[in-house]
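Chain letters run A, B, ... following the sequence lines, proteins first and then strands; every chain starts at 1.
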2 protein chains.
Amino acid sequence: MSAIETRERLLSTALELIWQSNYSSVGVNEICKQAGVTKGGFYHHFESKAQLFCEATDYYWKSVKKDFDALFSPSNSSLEQLENVLAFILRTKLDEENDDIPGCAFFSAGTQCGNNEEKIQEALREMSNASVRYNLSLVRALAGDGYLEDNVDHERAARYMHQYIQGVLIYGKVHRNLPLVRDDLPEAVYRLLGLKREYWFSAKPT
Amino acid sequence: MSAIETRERLLSTALELIWQSNYSSVGVNEICKQAGVTKGGFYHHFESKAQLFCEATDYYWKSVKKDFDALFSPSNSSLEQLENVLAFILRTKLDEENDDIPGCAFFSAGTQCGNNEEKIQEALREMSNASVRYNLSLVRALAGDGYLEDNVDHERAARYMHQYIQGVLIYGKVHRNLPLVRDDLPEAVYRLLGLKREYWFSAKPT
DNA sequence: TAGAATACATACCGGTCGGTATGCTCGTCA
DNA sequence: TGACGAGCATACCGACCGGTATGTATTCTA
């Protein structure tokens, strides 16, 4: 096993475990064990658990970014893009086979780390901002195509969407109720974006 | 100091500390120290940390319930009730003097406890449901007074509101940006509830 | 007023935490 | 071919975790 393989295995394993529970309750030992790497190996590649988490955040975002770039591809209409995003969230964040529903592990981690772990919060802020930026581009596309009501502030709408999605995922986790999330998510986002009613559920994800 | 005083001090101290950070990172020792109670005292009153958290949840909800009952008082118009709730959230969840913004400690705790701590999730679900019930009564009042657009499913709207509020609080915490939350919260809720536009920001909290 | 129950205080337990010190084993390059 | 650093493995550290065992005042009760 090469060096960068080991690194990536630690990163992806950490991601997996943190998604399953959360930052503070996933120990370095557990990550190492699951990844088949010893502690010496871990601390050869990462100087601390917090740094691992930061790098894992980047690692995660890079993979999501690829998906997002595909979802938001200009080859799709703006309405298709919207449905793509909603379907993507329901597909990836909510695993049907696993009965427990993780909120976005990263943003809920923002509520966990102590204030000393400033770097972590910084990484989360960046990812949050990047995510909102994608939403913003979507909102502008929708507005440009005339799908939104007039009085919609684009920046606000992009934030609303992001904020709501975080909230509904937590709700889903607490209630362990996947179908409810599936049911609530689209309409709530339509409302927050000010999507004209005749376009609700009007497109299929590609 | 009487026995029930000690109990309540442990509960309220635990609440305070958990609000400031989170369930898993607040230790029993810290709670005891802050409350001026020894560990023996703690385990005399509570059989475990998890049980304390459950009781603290009830304790918290009882105090919130009082406020809610006042906010939702029929002596206020439905629009006033709505503004009361929004103002209440901004006032209590977001402390101006403290620059860090806690998400709702309890619901974010739902993403923290392991699956073995089933009792905790149960307590959170109950509180969540109770909270949604208050929202529902508000939605019905607003609808009865003709403030909402026609196509609003009441149960859905009540959930949307609850879900969004959790999300925006987490967003505020990650970004440490109180004014943004203050700005976003009302309009987003108006949209989710389907409040007719002419009534936005039309009432003052009482 | 004896005694039992309550309400703690003190000391300590095994386990786990994040992190480290040290040594070994390779491939690389002079 | 031999020195050297990258890439680990092993063993271990002190701090802290939730929880317990046991002793001791105080209060209630009979």
Taking all non-hydrogen atoms of both residues, which atom of A:L90 and which atom of A:R182 are closest, and how far apart?
CD2-CA, 3.7 Å
Heavy-atom pair with the smallest gap, counting every atom of A:L138 and A:S78
CD1-O, 3.6 Å
What is the separation between atom [atom1] on [X] and atom [atom2] on [N], rounded to the nearest whole Å?
| X | N | atom1 | atom2 | result |
| --- | --- | --- | --- | --- |
| A:F46 | C:dG18 | CZ | C1' | 15 Å |
| A:I31 | C:dT16 | CD1 | C1' | 14 Å |
| B:L10 | C:dA9 | CG | P | 10 Å |
| B:H44 | D:dT22 | NE2 | P | 18 Å |
| B:E30 | D:dA15 | CD | P | 18 Å |
| A:R7 | D:dA6 | CZ | C1' | 14 Å |

Do we get A:K49 above A:F42's six-membered ring, with its NZ or CZ under 6.0 Å from the centre and within 45° of the axis?
no
Does C:dA7 have OP1 or OP2 under 4.0 Å away from a side-chain N or O of B:H45?
no
For B:T6 and C:dA7, is the shortest distance between a side-chain N/O and OP1 or OP2 below 4.0 Å?
no
Which nucleotide sits closest to the side chain of A:T38: C:dC8, C:dA9, D:dC8?
D:dC8
Any N/O pairs under 3.5 Å between the protein and nucleotides 19-23 of chain C? List them or say none.
residue: C:dG19; atom: OP2; partner: A:Y43; partner atom: OH; Å: 2.9
residue: C:dG19; atom: OP2; partner: A:K49; partner atom: N; Å: 2.9
residue: C:dG19; atom: N7; partner: A:K39; partner atom: NZ; Å: 3.0
residue: C:dG19; atom: O6; partner: A:K39; partner atom: NZ; Å: 2.6

Sequence neighbours excluded - side chain to side chain donor-acceptor pair (under 3.5 Å) pairs with any residue from residues 38-48 of chain B
B:N29-B:K39
Matching residue for B:F53 among B:Y23, B:Y60, B:Y59 - test: ring pair (Phe, Tyr, Trp, His ring centres under 6.0 Å):
B:Y23
Is the ring pair A:Y160/B:Y164 parallel, tilted or perpendicular, if the boundaries are 30 and 60 degrees?
perpendicular
